[in-house]
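Report on one structure; see the data block that follows.
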2 protein chains.
Amino acid sequence: MVKTLGTPRHQSLIAMLVEKREASGLTQTQLATRLGEYQSFVARLESGQRRVDVIEFIDLANILGFDPAAAIKRLSAEPN
Amino acid sequence: MVKTLGTPRHQSLIAMLVEKREASGLTQTQLATRLGEYQSFVARLESGQRRVDVIEFIDLANILGFDPAAAIKRLSAEPN
DNA sequence: CAAGTCGTATCTGAATTTAAGATAACTGGA
DNA sequence: TCCAGTTATCTTAAATTCAGATACGACTTG
């Protein structure tokens, strides 16, 4: 039984990451390669087993083609 | 000899956190209390000994009174 | 149905990071 | 100098993270 990060905001964050990756047509493996990481890294991120660092988040936004500032704005408007 | 996070962006991020905390007139101890953490937690954050989580960053922005989205925008405009 | 492929999830043990709490070090004022 | 407030650093246990392997599930094709 693995521990995951459970606040609503964190759930919302990782839901968005998954959504954006899928919208971009990348697989976990492809995204991982662009990040210089392993597929299991992305899997852990997306399953809430690993915290998302601010700088990593910006990198993810660049790769996945979304605006990190807008995403943060939406996130910070959410409860919690 | 302690390991620190060294990318320019990360340096810039933590420089901003320090600046905002000081501008807000809070001590590390006061900020830590509001975060529900110890003073050494804030010290480690501000000295680059600990990564800054996205959600934590939003919390910090709320406490320190800056706009997290604007901060992310500035950060993502920087090199690296 | 069997076998292969593709994508994602999960496991393992080791390495790294983080934490609490204590304490040291620095700073400015009386 | 002494003290009080603030920040930095240390220690060691606990928690997280990692690479890599492997399992799983959905699809496809013969």
Side-chain angles (χ1 to χ4, degrees), chain A residues 1-66 68 71 75 80, chain B residues 1-66 68 71 75 80:
Chain A
M1 190 30 178
V2 184
K3 163 156 291 185
T4 57
L5 305 167
T7 71
R9 265 191 191 157
H10 194 90
Q11 290 303 318
S12 167
L13 167 64
I14 66 188
M16 179 179 74
L17 289 179
V18 174
E19 178 192 312
K20 294 296 186 181
R21 176 181 59 77
E22 292 178 344
S24 79
L26 291 177
T27 65
Q28 288 185 346
T29 303
Q30 291 170 328
L31 173 55
T33 298
R34 297 217 198 176
L35 288 168
E37 301 282 353
Y38 281 77
Q39 176 264 334
S40 57
F41 174 90
V42 175
R44 286 198 319 274
L45 268 191
E46 293 186 352
S47 60
Q49 289 171 57
R50 186 192 186 284
R51 292 178 306 161
V52 184
D53 179 80
V54 173
I55 307 301
E56 278 171 0
F57 180 73
I58 294 175
D59 294 339
L60 283 166
N62 287 338
I63 294 175
L64 298 180
F66 66 89
L75 262 183
N80 254 3
Chain B
M1 185 36 177
V2 184
K3 163 154 290 184
T4 57
L5 304 167
T7 71
R9 265 191 192 156
H10 195 90
Q11 290 304 316
S12 167
L13 167 64
I14 66 187
M16 178 178 76
L17 289 179
V18 174
E19 179 192 309
K20 294 295 186 182
R21 176 181 59 79
E22 291 178 345
S24 79
L26 291 177
T27 66
Q28 289 185 345
T29 302
Q30 291 170 327
L31 174 55
T33 298
R34 298 217 196 176
L35 288 168
E37 302 282 353
Y38 280 77
Q39 176 265 332
S40 58
F41 173 90
V42 176
R44 276 181 296 115
L45 267 192
E46 293 186 351
S47 59
Q49 288 169 59
R50 187 192 187 283
R51 291 180 306 159
V52 184
D53 179 79
V54 173
I55 308 301
E56 278 171 1
F57 180 73
I58 293 175
D59 293 339
L60 283 166
N62 287 338
I63 294 174
L64 297 180
F66 66 89
L75 262 184
N80 252 1

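Bear in mind that the values here come from a model prediction, so they are computed numbers and not experimental data.
Legend: residues meeting side chain to side chain donor-acceptor pair (under 3.5 Å) with A:E46, ordered by chain and number and at least two apart, are A:R21, A:Q28. Scanning for side chain to side chain contact (heavy atoms under 4.5 Å, CB included) contacts around B:E22 gives B:V18, with sequence neighbours left out. For B:E19, the side chain to side chain contact (heavy atoms under 4.5 Å, CB included) criterion is met by no residue, not counting sequence neighbours. Scanning for side chain to side chain donor-acceptor pair (under 3.5 Å) contacts around B:Q49 gives B:S47, with sequence neighbours left out. For B:S12, the side chain to side chain donor-acceptor pair (under 3.5 Å) criterion is met by B:E78, not counting sequence neighbours. With sequence neighbours left out, the side chain to side chain contact (heavy atoms under 4.5 Å, CB included) criterion links B:Q11 to B:I14. Scored by the ring pair (Phe, Tyr, Trp, His ring centres under 6.0 Å) test, A:F66 finds A:F57 as partners (sequence neighbours excluded).
Remark: P of D:dC18 and CG of A:D53 are 10 Å apart, rounded to the nearest angstrom. Whole-Å rounding puts the A:E46 CD to C:dG7 P distance at 14 Å. Between the CZ atom of B:R21 and the C1' atom of D:dA8 there is a distance of 12 Å, given to the nearest Å.
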Exercise. Sugar-phosphate means primed atoms, P, OP1 and OP2; the rest is base. With that split, encode nucleotides 10-20 of chain C 5' to 3' as B, S or - using protein heavy atoms under 4.0 Å.
Key: BS-----SSBB

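Using a 4.0 Å cut-off on heavy atoms, the residues of residues 23-31 of chain A that approach DNA chain C are A:T27, A:Q28, A:T29, listed by number.
For the pair B:R51 and A:E56, the tightest heavy-atom approach, listed with the atom from each and the gap, is NH1-OE2, 3.8 Å.
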